[in-house]
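Working notes for the structure below.
Whatever order the structure lists them in is the order used to number ligands and atoms, beginning at 1. Note: hydrogens, waters and symmetry copies are ignored here, and every other heavy atom, side chains too, is used. Please read these numbers as outputs of a predicted model, since none were measured by experiment.
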Amino acid sequence: MVAPFERLMEETARLFDAEERGEGPVCADAFRQVPTPQHRQPPRSVIQSALETSYHPAAIALYQAGDWVPWELNSTSIFGATDDAEDVYFVARIIGPGCLMDSDTILAGYFLQLPGIYYPLHHHEAAETYVVIGGEADWTSDMDIFRFGPGTMIHHPPYMPHAMRTFDQPLIAAWRWSGNIDTDTYRFLEGW
Ligand SMILES: [Fe+2]
């Protein structure tokens with residue numbers, strides 16, 4: 001039987017295997033080589049209850065991996081975009097500098113934005129791909145707004161502005177950065 005965390009890495013690798021850009025399968029191979037973490041993280045009931053709502057295989061694997069996934073609480077307020085303490089999201093970094101799988105060329109993992117949250121318009125030098133595996137959000141990419149749900153792959157070339165707004169569902173996604181993955185290039189922008 002495959003251990004829950006290993007199953008999660010395989011399901012995530014399959015998401016990026018399907019990307020036509022060459023960096024996608026490179027990131028997929030890195031996910032397959034991530035070592036199983038030594039320690040479980042504390043349980044996060046709010047994350048688990050959000051994950052319960054999705055039936056995508058990768059989301060089910062993410063739910064079943066439970067507190068093996070190193071979720072961190074984030075807020076856009078730490079970047080100065082808002083002082084609203086409710087404006088929170090969760091990121092689990094799996095591959096990247098100092099992560100479970102150390103890498104200087106890939107930053108990748110999972111993203112979870114709770115219902116009723118606006119993640120403001122921003123950009124960065126890294127090229128970025130999201131694959132939605134649960135919930136839905138209104139997604140601004142450049143000047144267009146679409147509502148995206150499970151199975152959607154969204155790619156942002158370097159410095160393409162993007163934003164996400166959730167309503168009554170959370171947004172759950174796998175995500176990866178390539179190119180210049182230095183977070184110092186991250187900036188918030190004016191606009192929707
Ligand atoms: Fe981004």
>> I need the single residue from Trp177, Tyr159, Phe188 that forms a ring pair (Phe, Tyr, Trp, His ring centres under 6.0 Å) with His124. Which is it?
In response: Trp177
> Of all the N, O or S atoms in Glu128, which one sits nearest to the Fe ion (ligand 1)?
Replying inline: OE1
> Aromatic rings Trp139 and Phe148: how do their planes relate, parallel, tilted or perpendicular, breaks at 30° and 60°?
Replying inline: tilted
>> Salt bridge or not between Arg7 and Glu11? Use side-chain N to carboxylate O under 4.0 Å.
In response: no
> Looking at the Fe ion (ligand 1), is one of the N, O or S atoms of His156 less than 2.8 Å from it?
Replying inline: no
> Is the shortest side-chain N to carboxylate O distance from Arg21 to Glu23 below 4.0 Å?
Replying inline: no
> Do any of the N, O or S atoms of His123 sit under 2.8 Å from the Fe ion (ligand 1)?
Replying inline: no
> What N/O/S atom of His162 is the closest to the Fe ion (ligand 1)?
Replying inline: NE2
